[in-house]
Amino acid sequence: MSRKFFVGGNWKMNGTKKVADDLLANLIKGPLDPNVDVLIGVPSLYLDYVKEKVPSNILVSAQNCYKVEKGAFTGEVSPAMLKDIGIDWVILGHSERRQIFQESDELIADKVKHALESGLSVVACIGETLEEREAGRTECVVAKQIAAIKEKICNWDNVVVAYEPVWAIGTGKTASPQQAQEVHKVLRKWLADEVSEAVSQSTRIIYGGSVTGANSKEIAKESDIDGFLVGGASLKPEFVDIVNAKK
Ligand code: 13P
């Protein structure tokens with residue numbers, strides 16, 4: 001089965017309205033490969049602003065949301081609110097949420113479940129730390145993270161899995177294409193064994209961690225790598241080259 005290539009730009013906590021305008025202008029100029037799903041992960045405060053201006057071929061995503069619809073959760077945003085302003089995607093489980101904000105596998109799984117039930121599509125992030133990799137625990141860490149999500153959901157149609165090794169995020173140390181492929185293959189087998197062959201074949205597994213215009217073409221050649229989740233380079237003109245990595 002062919003999986004449509006998927007490239008997300010995670011702006012993280014960066015930008016202003018002016019910066020958003022410039023980034024959108026760059027995407028509009030493109031040209032973007034029409035055979036790629038392109039998503040931008042925008043700070044909550046600017047979602048509405050960006051949604052109003054973005055062309056319809058670009059998906060707009062939140063970078064987080066809470067696990068219930070409404071209530072006394074100061075500072076949080078719910079999937080219902082995102083839907084209300086026309087947002088259909090959310091990035092959940094990013095390592096910065098896990099590490100800086102202490103989000104557990106269980107909380108992330110609850111968020112994924114509620115987001116899907118609320119009609120959002122989800123980019124679910126997993127990945128090991130350097131310490132875990134050096135201890136030979138990469139496979140068991142990512143399996144535990146994805147298993148927590150599997151426990152709570154029964155439909156993977158609207159899930160994209162992002163493998164983002166923590167040691168490669170924002171460090172300039174990209175996983176080699178072989179290192180990334182190895183983990184993606186493990187994840188695809190895990191989906192086949194633990195969910196179903198059909199889900200394993202249809203679910204996009206994308207790679208994140210110091211992806212650039214320069215290294216994206218090589219990584220994109222690997223058979224189990226279905227796209228990228230890009231941080232720093234999504235704030236630069238080269239993001240267009242990453243979108244077009246398969247061309
Ligand atoms: P960098 O591309 O800056 O390493 O960040 C990756 C990332 O965290 C995307 O979510």
Side-chain angles (χ1 to χ4, degrees), residues 5-15 19-20 23 26-27 36-44 46-47 50 58-65 87 89-103 105 108 111-112 115 120-130 132-133 138 141-142 145-146 149 159-177 179-181 183-184 187 204-220 222 225-245:
F5 208 67
F6 185 106
V7 176
N10 179 5
W11 293 2
K12 307 192 180 182
M13 196 178 74
N14 291 296
V19 168
L23 292 172
N26 184 53
L27 288 169
V36 178
D37 282 334
V38 180
L39 170 145
I40 48 177
V42 175
S44 302
Y46 297 128
L47 282 168
V50 168
I58 296 171
L59 306 165
V60 181
S61 175
Q63 300 173 9
N64 183 29
C65 64
I87 300 300
W89 283 82
V90 63
I91 298 168
L92 290 171
H94 193 279
S95 69
E96 286 146 20
R97 301 296 319 170
R98 293 175 186 267
Q99 300 209 314
I100 304 169
F101 301 100
Q102 307 289 308
E103 292 192 7
D105 285 348
I108 291 159
K111 289 181 172 196
V112 172
L120 292 176
S121 296
V122 174
V123 178
C125 306
I126 58 177
E128 82 288 359
T129 63
L130 183 59
E132 289 162 341
R133 172 162 285 259
T138 299
V141 169
V142 295
Q145 291 170 333
I146 198 170
I149 293 168
V159 179
V160 170
V161 175
Y163 168 58
E164 300 204 296
V166 179
W167 50 270
I169 294 178
T171 57
K173 267 194 233 161
T174 326
S176 68
Q179 279 176 320
Q181 165 62 19
V183 180
H184 283 230
L187 288 167
R204 270 112 28 119
I205 307 175
I206 63 176
Y207 168 78
S210 298
V211 176
T212 63
N215 63 28
S216 54
K217 271 197 185 309
E218 276 307 305
I219 307 174
E222 298 293 336
I225 297 182
D226 305 314
F228 300 113
L229 189 57
V230 184
S234 73
L235 301 167
K236 299 180 186 164
E238 72 187 89
F239 184 63
V240 168
D241 301 329
I242 302 173
V243 168
N244 296 335

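All ligand and atom numbering here is 1-based and tracks the order in the structure.
If you take CG on L23 and CD1 on I58, they are separated by 10.5 Å, rounding to the nearest 0.5 Å. Considering OG of S176 and CG of N215, their distance stands at 11.0 Å, rounded to 0.5 Å.
Contact annotation: for I169 versus ligand 1, heavy atoms closer than 4.0 Å belong to both the backbone and the side chain. If you look at A168 next to ligand 1, the close heavy atoms, those under 4.0 Å, all belong to the backbone.
Using cut-offs of 30° and 60° for the angle between ring planes, the F228 and F5 rings count as perpendicular. The aromatic rings of F6 and W89 sit tilted, their planes meeting at an angle between 30° and 60°.
Close approach to H94 involves these atoms of ligand 1, each under 4.0 Å from a residue heavy atom: 7 (C), 8 (O), 9 (C), 10 (O). Residue E164 approaches ligand 1 through these ligand atoms, each under 4.0 Å from one of its heavy atoms: 6 (C), 7 (C), 8 (O), 9 (C), 10 (O).
Across G170, G232, G231, heavy-atom proximity to atom 4 (O) of ligand 1 is greatest for G170.
Residue S210 places a heavy atom under 4.0 Å from ligand 1.
Remark: ligand 1 and T171 share no N or O pair separated by less than 3.5 Å (distance only, no angle test).
Residues H94 and E164 bring a donor and an acceptor atom of their side chains to less than 3.5 Å of each other.
Between the side chain of T174 and the main chain of S210, a donor-acceptor pair closer than 3.5 Å is present.
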